[in-house]
Structures are given as C-alpha cells and as structure tokens.
Amino acid sequence: MADCLREGASGLWSILALLRENPEELKRHVAKRLMDTSIVDRAYKLDVEWRSLLTEINQLRHRHNVVSRSVGKASDPEERKKLIAEAKRLLEELSHKESKLKRIEKEREEALLALPNIVDDDVPVGDESSSKPLAYWGRPKVWKGFLEAFRRETVENGFNVDYEVIEWKPVGHADMLENVLGLGNTLKAGEVAGSRFYYLFEDIVWLDFALLLYAMDVLTSKGYKLVLPPYMLRYDVMSRVIDLDTFRDAIYKIEGEDLYLIATAEHPLAALYYKSELYDDELPIKLVGVSPCFRKEAGAGNRDLKGVFRVHQFHKVEQFVFSTPEDSKKLHEEIINNARELFEGLGLPYRIVNIASGDLGACAAKKYDLEVWMPAQGKYREMVSASNCTDWQAYRLSIRLVRRKGMERGYVHTLNSTGIASTRTITAILENYQEPDGTVVIPKILNKYLEGFKRAPKGHIEPVRKPATT
RNA sequence: GCCGCGGUCGCCUAGCCUGGUUAGGGCGCCGGCCUGCUAAGCCGGUGGGGGAAACCCCGCGCGGGUUCAAAUCCCGCCCGCGGCGCCA
C-alpha cells in the first residue's frame with residue numbers, strides 16, 4: 001500500500017487522501033478487485049465539485065454573517081432596515097446554491113462510501129482462482145478416490161503435505177448428522193422456518209456450546225476481552241460497518257423497527273467505539289465477542305443446501321482488534337495465528353489461504369482464510385476468515401486515532417477474524433472424526449468443556465445407524 | 001405505552017426563562033517557558049471541513065421550522081433518569 005499515506009498524516013482517511021493525490025493509483029487498486037474503476041472518476045469529480053462549491057458558499061455565508069451581526073449593533077432604524085434587506089438578499093442567493101451543495105454532498109458521500117479499501121501489496125491479484133495457499137497443517141485423511149485431486153492441489157503445488165490414505169469413503173456431514181447420528185433435523189426445520197434452518201439435538205448441542213467455550217477460553221487467556229454484544233443494530237450503524245453488497249445479501253431486518261440482525265459479532269464489536277476517539281497508548285484493543293449470527297445467504301443459490309455448513313443462523317466466537325496503523329499487519333498475523341491454534345487444538349487439518357484481490361470483501365485490504373480438510377468432500381472448506389480492514393471501517397464509523405505525541409489525529413485500523421463458528425466447525429468434526437462404524441470421536445481438547453455436564457457426551461458420540469457402505 | 005426532567009467542543013459544568021460580543025469556567029491531555037531534576041506556577045493549544053497560507057465556514061443528542069440572527073423559541077425523533085401502567 002502507499003506507504004506515505006499509511007498513517008494518515010494529514011488526519012484524512014487514507015483513501016480520500018489517495019483519491020485527491022493520486023486517483024490513478026487508487027484506480028489500480030480498484031482494478032485489482034476486478035471492479036469498475038469509473039467509481040473512482042465519479043468520486044474524484046464529485047469531490048472537486050463539492051470543494052469548489054463549498055468555498056463559494058462559505059464566502060457567501062461569511063458575508064451574510066457579517067451583515068446579520070451588524071443588525072444587532074445598528075441603532076438607527078433606517079440603517080437596520082437596509083441591513084436586513086441586504087441579509088435577505090444574500091440568503092436568497094445562498095438558498096439555491098445550498099440546495100445544490102446538499103445534493104452534491106450527498107452524491108459525494110455516497111461515492112466515497114462506495115469505494116472499496118485499497119489492496120495490500122501482499123495480496124495475489126486475480127479472481128478466486130488466484131487465491132494462494134500459504135501453509136498446510138495436520139495430516140488429512142484422504143479417501144483413495146480423492147487422492148489424485150488432493151495430490152494435485154498440494155504436492156504438485158510445492159507443498160509436501162503428509163496425509164493418510166483411507167480405504168473407506170467417509171460419510172458427508174449432513175448424512176452423519178441426520179441419519180448416522182440422528183441428531184439433526186433440517187427437514188422439519190425447513191417446513192417450519194425454511195431451508196438452511198435446523199434443529200440440533202443432544203450431543204451436537206453440547207458440542208456447539210463446548211466449541212464456543214473452548215474458543216472463549218483460549219482467546220481470553222491471550223488477553224482478549226470477552227464481550228456479549230447487541231444482536232441488532234440500527235441502519236445508520238450497520239451501513240457503516242459493512243458494504244452495500246454484504247448488507248443486501250446477508251442482513252435481516254426487523255419489520256417495523258430500525259433494527260437489523262447482526263451477521264457476525266464483528267458488526268457490534270466494530271461499533272463499540274462508534275464516533276469516538278482512541279489514544280495510541282491504549283491500543284491495541286483486543287476483543288473476543290460471542291453471539292449468534294443471522295445471515296440471509298441471498299447470493300448463495302443452491303450451494304451447500306444440505307446439512308448445517310451454510311445456514312441462516314449459527315453461533316460464533318469472533319476476534320476483533322482496534323490498532324494503530326503501524327501495528328495492524330502484525331496483529332493480522334496474530335489473529336490468524338490464534339485461529340490456527342484453535343484448529344490445531346481441535347486436530348483438524350487445515351490450510352491457510354491468502355485470498356486474491358478479486359475475492360476480497362470491500363472492507364478488507366488483505367484477508368486470510370483458514371480452510372479445513374473435509375474428508376467426505378475431498379476439499380478444503382472455509383472455517384475462518386481473518387481480515388485487515390485498515391482504516392476503511394474506522395473512517396465510516398468515525399473512530400479516530402489520537403497520538404499522544406503532538407495530539408495528532410488520524411483513524412484507527414480495525415481487524416477481525418473468526419475464532420470458531422459453531423455449526424461449520426461441527427461439520428468438520430463430523431467428517432474428520434468419524435470412524436468406519438459411524439462413531440464420532442470428540443476432539444480431546446473439548447472434553448474439559450463437556451465434563452461438567454451430566455448428560456453431555458463423554459469422549460465420543462454413538463451412531464444410531466450404521467453408515468451405508470459405499 | 002403514558003407523564004415529568006435531562007442530553008453543551010475527551011470528562012464535569014455555565015449559558016437557555018428574556019434570541020444578537022470570539023459558547024465562559026474546571027479537570028484531563030498536548031506543546032512551550034521557568035527549574036539542577038520533579039512538582040508547583042505561568043503562557044498557548046486541545047471538534048469537523050475548505051484553503052499553500054492569511055483566513056473562512058460548520059458544530060451545543062439527531063432532523064426540520066420560525067428569524068436578518070437560534071445552544072437559546074417551536075415541531076418530530078433518538079438516548080438517559082424518575083414516576084405510573086403493562087408483561088414476566
């Protein structure tokens with residue numbers, strides 16, 4: 001990224017500074033995202049137009065203020081009359097220019113808010129297929145039928161991943177849940193609530209909560225402050241936390257209220273310091289939020305329709321960090337490493353992917369995904385997403401950074417990462433920890449979060465039915 | 001849901017009734033002077049925006065209105081506190 005602008009030395013939002021100083025450079029960033037660069041031209045034009053009209057109006061306002069103030073001082077009634085007439089004339093001149101300004105200001109604001117974040121230099125350029133695996137961990141169980149594809153993706157890509165070949169084909173998570181274990185019912189949920197809803201029962205419910213407790217335990221031990229946030233936000237706030245596309249595709253609205261259900265604790269956590277200032281000596285602020293997440297999944301089509309991999313509601317433990325601009329890269333590594341630690345603790349084989357520019361959300365300058373190997377699908381699937389939003393979110397939420405030295409002002413950087421998302425992680429456990437007879441072993445590390453409860457599963461979950469042989 | 005009171009530039013607070021100097025003061029913070037060092041003391045700064053700068057505009061919860069002029073008057077909304085009602 002443009003180093004000279006990183007700290008927002010001017011106190012300006014880094015993207016606005018770049019728009020003014022080097023719009024062509026900003027266009028290159030937008031182009032990397034495979035987005036239409038005309039939004040930059042539009043924002044640039046509106047910004048210039050707005051500034052020139054603003055100057056003009058400020059001069060008029062000044063003249064009006066001067067005349068208006070002198071009315072109060074004038075004692076002669078004739079003089080007052082003349083001054084008031086002059087003030088009225090100026091007001092008239094102002095009024096139509098001001099309505100024009102209002103219009104342009106609104107358009108400018110919209111154009112600025114439509115700009116995506118800049119793209120970090122480390123981000124691979126291209127569409128989804130350009131996303132780059134960086135590291136592999138664990139020893140995936142690879143069914144012999146997936147062996148060729150697995151090797152193509154790992155060994156032939158220069159990653160020497162150790163793996164275990166299995167002769168039997170694992171049962172998919174959806175089948176495991178509903179048929180082999182008999183601990184989920186998405187059919188009834190579909191009937192009473194719609195597709196992508198679910199009932200979970202007994203051991204799986206305990207597992208859901210154990211996963212949350214595990215993530216809360218690990219992350220709070222690292223000094224992250226535990227937060228239970230609001231599950232709904234006002235439009236004004238929600239629209240500043242996320243971009244328009246996300247809003248449209250993910251967010252549920254409460255009818256008759258100015259309230260929107262959160263799609264992740266990231267939203268209320270980011271909003272915790274809405275319209276406030278943070279001093280550099282109190283940063284970084286590290287939070288771990290736990291909340292249900294509600295998602296419309298409007299753009300998902302028929303993808304992952306079975307089971308609980310992609311659903312309208314789930315629980316999630318989320319990491320969120322407010323940092324200084326100079327520390328955000330380091331903290332981005334920290335939060336993805338925390339996520340790695342959580343999944344290593346669970347013994348789930350994963351890889352870390354550096355997400356390509358075309359697949360980044362508008363808020364992120366850089367994003368790592370953690371994808372877990374799914375033995376029944378023969379693929380790595382996303383479990384965690386860790387983004388560095390730099391000052392994109394902070395600008396929209398007016399979260400200022402104040403540096404003690406010289407009391408200079410800028411914007412903080414924000415970062416977020418999944419800790420554990422319950423249902424999705426459960427799918428990974430169902431596929432990775434199943435035995436040929438259908439038993440699901442519970443990752444050892446979760447036992448201590450289960451042992452306090454009389455009816456919680458101990459060590460493993462029993463199948464009610466043998467898996468169908470392949 | 002109803003009634004009453006309140007929301008002031010990081011925090012506390014004055015101003016509001018009775019519209020018109022640069023929204024005054026205290027605390028905190030930043031910078032400077034002084035000092036052997038620290039403290040105290042003194043001086044200045046401490047919201048957003050435009051401008052190279054001088055300087056100017058905007059800002060008193062949010063949004064409207066009245067007026068030449070609104071923190072101040074009027075209307076709507078949001079939030080907080082107290083009381084009443086309702087529900088558990």
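Naming: A, B, ... by sequence-line order, numbering from 1 per chain.
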ask   = Just checking Arg20(A): base, sugar-phosphate only, or nothing, at a heavy-atom cut-off of under 4.0 Å?
value = sugar-phosphate
request  = Would you indicate which nucleotide in G50(B), C68(B), C57(B) comes nearest to any side-chain atom of His62(A)?
outcome  = C57(B)
query = Salt-bridged, Lys27(A) to Asp41(A), with N to O below 4.0 Å?
reply = yes
ask   = Lys275(A) has an atom NZ; how far is it from atom P of C78(B), in whole Å?
value = 16 Å
request  = Among the candidates G48(B), G64(B), C68(B), find the nucleotide nearest to the side-chain atoms of Ala87(A).
outcome  = C68(B)
inquiry  = Categorize Arg63(A) for me: base, sugar-phosphate, or nothing, with a 4.0 angstrom heavy-atom threshold over every strand shown.
reply    = nothing
ask   = What nucleotide, of C56(B), G64(B), G10(B), holds the atom closest to the side chain of Glu277(A)?
value = G10(B)
ask   = Nearest nucleotide by nearest heavy atom, which residue falls closer to the 5' end of RNA chain B, Val71(A) or Gln59(A)?
value = Gln59(A)
Ignoring hydrogens and angles, write down the donor-acceptor pairs under 3.5 Å from the side chains of residues 196-210 of chain A, residues two or more places apart or on other chains.
{"from": "Arg196(A)", "atom 1": "NH1", "to": "Arg303(A)", "atom 2": "O", "distance (Å)": "3.1"}
{"from": "Arg196(A)", "atom 1": "NH1", "to": "Asp304(A)", "atom 2": "O", "distance (Å)": "3.2"}
{"from": "Arg196(A)", "atom 1": "NH1", "to": "Arg310(A)", "atom 2": "O", "distance (Å)": "3.1"}
{"from": "Arg196(A)", "atom 1": "NH2", "to": "Gly301(A)", "atom 2": "O", "distance (Å)": "3.0"}
{"from": "Arg196(A)", "atom 1": "NH2", "to": "Arg303(A)", "atom 2": "O", "distance (Å)": "2.9"}
{"from": "Tyr198(A)", "atom 1": "OH", "to": "Gln313(A)", "atom 2": "O", "distance (Å)": "2.6"}
{"from": "Asp208(A)", "atom 1": "OD1", "to": "His315(A)", "atom 2": "ND1", "distance (Å)": "2.9"}
{"from": "Asp208(A)", "atom 1": "OD2", "to": "Ser422(A)", "atom 2": "OG", "distance (Å)": "3.0"}

request  = Mark yes when over 12 heavy atoms from residues, nucleotides or ligands other than Asn302(A) sit less than 6.0 Å from its CG; otherwise mark no.
outcome  = no
note = Arg400(A) atom CZ is separated from U46(B) atom P, nearest whole Å, by 15 Å
key: Gap between atom CH2 of Trp50(A) and atom CG of Leu112(A) - 0.5 Å precision   = 9.0 Å
task = Would you mind reading off the distance between Tyr395(A) atom OH and G48(B) atom P, rounded to a whole angstrom?
result = 13 Å
query = For RNA chain B, which consecutive runs of 3 or more Watson-Crick or G-U pairs (each distance under 3.5 Å) count as stems?
reply = B:1-7 with B:78-84, B:10-13 with B:24-27, B:28-33 with B:41-46, B:47-50 with B:55-58, B:61-65 with B:73-77
request  = Answer with base, sugar-phosphate or nothing: what part of the nucleic acid does Asp258(A) contact at a heavy-atom distance below 4.0 Å?
outcome  = nothing
query = Using the ring of each side chain (for Trp, its six-membered ring), is Phe247(A) parallel, tilted or perpendicular to Tyr235(A), with breaks at 30° and 60°?
reply = tilted
request  = Side chain of Arg51(A) only, please: which of G31(B), G20(B), G50(B) is the nearest?
outcome  = G50(B)
query = Hey, is Lys106(A) close enough to Glu110(A) for a salt bridge, meaning N to O under 4.0 Å?
reply = yes
key: Rounded distance (nearest 0.5 Å) linking atom CG of Leu269(A) with atom OG1 of Thr414(A)   = 11.0 Å
inquiry  = Side chain of Lys405(A) only, heavy atoms from C-beta on: which candidate in G31(B), G47(B), G50(B) is closest?
reply    = G31(B)
request  = Mind checking Leu91(A) for me? I need base, sugar-phosphate or nothing, with any heavy atom below 4.0 Å counting as a touch.
outcome  = sugar-phosphate
ask   = Counting distance only, does the side-chain N/O of Asn416(A) pair as donor-acceptor with the main-chain N or O of Val321(A) below 3.5 Å?
value = no
inquiry  = If I pick the P atom on C78(B) and the same atom on C62(B), what distance separates them, to the nearest angstrom?
reply    = 15 Å
ask   = Taking CD from Glu257(A) and C1' from C78(B), how many angstroms apart are they, rounded to a whole number?
value = 13 Å
message = Any base atoms under 4.0 Å from Arg234(A), or only sugar-phosphate, or nothing? Heavy atoms, all strands.
response = sugar-phosphate
key: Gap between atoms CG and P, on Leu12(A) and G51(B) respectively (whole Å)   = 9 Å
ask   = Leu54(A) near the nucleic acid: base, sugar-phosphate alone, or nothing, with a heavy-atom cut-off under 4.0 Å?
value = sugar-phosphate
message = Nearest whole Å is fine: how far is C78(B) P from Leu259(A) CG?
response = 11 Å
inquiry  = Please check this pair: side chain of Arg240(A) against backbone of Arg396(A), looking for a donor-acceptor N/O pair closer than 3.5 Å.
reply    = yes
query = What's the closest nucleotide to the Arg69(A) side chain, out of G20(B), C57(B), G47(B)?
reply = C57(B)
task = Counting heavy atoms from C-beta on, name the nucleotide in C58(B), G49(B), C30(B) closest to the side chain of Asn65(A).
result = C58(B)
key: 5' precedence on RNA chain B between Arg80(A) and Leu16(A) (nearest-nucleotide basis)   = Arg80(A)
ask   = Is Lys97(A) touching bases, backbone alone, or none of the nucleic acid, heavy atoms closer than 4.0 Å?
value = nothing
task = Mind calculating the distance between CE (Met407(A)) and P (G48(B)) to the nearest angstrom?
result = 11 Å
